[in-house]
Number of protein chains: 2
Amino acid sequence: MSIANRPLARKLGAFAVLSEDELTVLEAMHRRRRVYSPGQDMIHQGQERHSAHVLASGWTSSYKLLPDGRRQIVDFQVPGDFLGLRSLLFRTSDHNIMPVTRIEASEVSIQDLLRDFNRVPRLAAAVLWAASRDEAMVVEHLVGVGRREPRERLAHFFLELHARLRLVGLATATSFDCPLSQYHLADALGLTAIHVNRVLRGFRETGLMRFQKGKVEFLDLAELVRLAGFDIAYLDQEEPLLSAAL
Amino acid sequence: MSIANRPLARKLGAFAVLSEDELTVLEAMHRRRRVYSPGQDMIHQGQERHSAHVLASGWTSSYKLLPDGRRQIVDFQVPGDFLGLRSLLFRTSDHNIMPVTRIEASEVSIQDLLRDFNRVPRLAAAVLWAASRDEAMVVEHLVGVGRREPRERLAHFFLELHARLRLVGLATATSFDCPLSQYHLADALGLTAIHVNRVLRGFRETGLMRFQKGKVEFLDLAELVRLAGFDIAYLDQEEPLLSAAL
DNA sequence: CGTTAATTTGAATTCTCTCAAACTTCGTGG
DNA sequence: CCACGAAGTTTGAGAGAATTCAAATTAACG
């Protein structure tokens, strides 16, 4: 894969046009690549020594568990996303990360990151931007769970995923592959899988969208955006903020 | 107020013991202090030029609005907290910030911050730690709204506030002043104010805790912690209950 | 004081969950 | 290649929790 087409480079490209040097450093971040399998935590709550990763392919989920087993999925990560970046400064990780599919990811230590930041300072801003964007997504997620109806919530969820995947070249204008189960959706959106199923059936029957066999298809994108009240601004991914000159 | 006793210094002190130099820089952050009144936004969604602030006294809320007026409060800020730190790298602010009480806050520009980081590098780590902690609170908030029952949710909410206020010396072992209305609680916790009222009545009647006339009193802290499943680890602040000075 | 904001209570409704079970898909091993 | 089991999806019925609507009471503030 050519450097500039890697999901991470594409994503950070939405913040700033990247130079050859910067692209090279990003490429180097993928050096220590490893494969992880679905179902086994890469990082778990309370873990003391934890590092961050860059996700090269596949999907992961970050989540927290309550003592009685209830689960809240905080976010899903798609190619180009960082894993565990936020809690890098914490003594212990405060959440779990588990692959949803088979994934390829590369470990990035805080030392690596700081060294890279020194070499190409603009990269620091880009990575912090990505971290800010991650938090903005958690905030919007909170808004959905707290104040959106289940139908709006599902619609908004799929529209966000679509925008994120489009940015890294993994979606068409009206569809994308989605490896999540209805249990994933339920635990992400504060619903039961049964109710998720019913809402999805409603979407199918009213010709809004379809989610079947690992594929999301938008049938009436405009109406979906209206229903969800989806405003992409919080993803801050319109066009690069920083010109190459900065 | 002596420098080391300022809420901001106390809070960052939970991350690292601060030197005289570092305390002096923190003190300088409070130079451009201003007073803001409750009810009028300091920052609003979509605002283009926005800066961060340090809150010296009073409470604020950060929130998002849906097109039809529904409101989700993302977090409340108490003395020592930053306002709008997260979206500093964004083109436009993605949320609103409004004082809950009369407040004193000082503007901190990104330039100021970067200059200070150069002068005292450890401060950068401390501020990033504070930002990570803020995000951890949003995540825990999401867990509450998504997967905790209303009773657990309220209990957890008050326990978190208590821990945060204790850290900056604004709470006793079992109580603190709280200027929030039941509408605030409702919009923060994804409930209606009516239901919040009923849950609070239940707490009062069962001798768990009391929230009346701007004051929160814990009557059975142990049971409350158990009910909420409250584990302070996500705040990454050691031994909050041992901070003596009130 | 008088007015507005906030809290409190009641009754009815509605939405989502729980419980139960059938059906489908998919991977694995015989 | 089929049988089997596990995981995921789908449907139904009933229960319960939180909401909506309505209104009284209390507190806050100029």
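By convention in this document, chain letters (A, B, ...) are assigned in the order of the sequence lines, proteins followed by strands, and residues within each chain are numbered from 1.
Between the CG atom of A:L200 and the P atom of C:dT16 there is a distance of 14 Å, rounded to whole Å. For the pair A:L185 CG and C:dT16 P, the interatomic distance rounds to 16 Å; values are reported in whole Å. In this structure, B:Y183 places its OH atom 13 Å from C1' of D:dT20, rounding to the nearest Å. Per the geometry, CG belonging to B:D187 stands 14 Å off C1' belonging to C:dA6, to the nearest Å. Between the P atom of D:dT9 and the CZ atom of A:R210 lies a distance of 16 Å, rounded to the nearest Å. If you take NE2 of B:H195 and P of C:dT8, they are 15 Å apart, rounded to a whole angstrom. As rounded to whole Å, 12 Å separates atom C1' of C:dA5 from atom NE2 of B:H184. What separates CZ of B:R198 from P of C:dT8 is a distance of 12 Å, to the nearest Å.
Side-chain N/O atoms of B:R166 and B:Q237 include no donor and acceptor closer than 3.5 Å.
Taking the six-membered ring where the residue is Trp, A:F176 and A:F158 present tilted rings, their angle falling between 30° and 60°. Between A:H156 and A:Y234, the ring planes lie parallel to each other; the angle is under 30°, not in the 30° to 60° tilted range.
At the heavy-atom level, A:R201 lies under 4.0 Å from the strands shown only through sugar-phosphate atoms. Across all strands shown, B:R151 has no heavy atoms under 4.0 Å from either base or sugar-phosphate atoms. Among the heavy atoms of the strands, none lies under 4.0 Å from B:G39. If you check every strand for non-hydrogen atoms under 4.0 Å, B:G190 touches sugar and phosphate atoms only.
You'll find that the side chain of A:R204 is closest to D:dT10, out of C:dC17, D:dT10, C:dT8. Closest to the side chain of B:N197, from the set C:dT7, D:dT9, C:dT16, is C:dT7. The side chain of A:Q182 approaches D:dT10 more closely than any other nucleotide in the set D:dA18, C:dC17, D:dT10.
The 5' end of DNA chain D is approached more closely, in terms of each residue's nearest nucleotide, by A:A193 than by the other of A:R147 and A:A193. Remark on DNA chain C: of its neighbouring residues A:L191 and A:K213, the 5'-side contact belongs to A:L191, judged by nearest-heavy-atom nucleotide. When each of A:I194 and B:Q212 is assigned the nucleotide of DNA chain C with its nearest heavy atom, B:Q212 is the one assigned upstream, toward the 5' end.
Here the shortest heavy-atom pairing between A:E104 and A:L55 reads O-CD1, 3.6 Å.
A donor-acceptor distance shorter than 3.5 angstrom exists from the side chain of B:H141 to the backbone of B:V74, with no hydrogens or angles considered.
Side-chain N/O atoms of A:T192 include one lying less than 4.0 angstrom from OP1 or OP2 on C:dC17.
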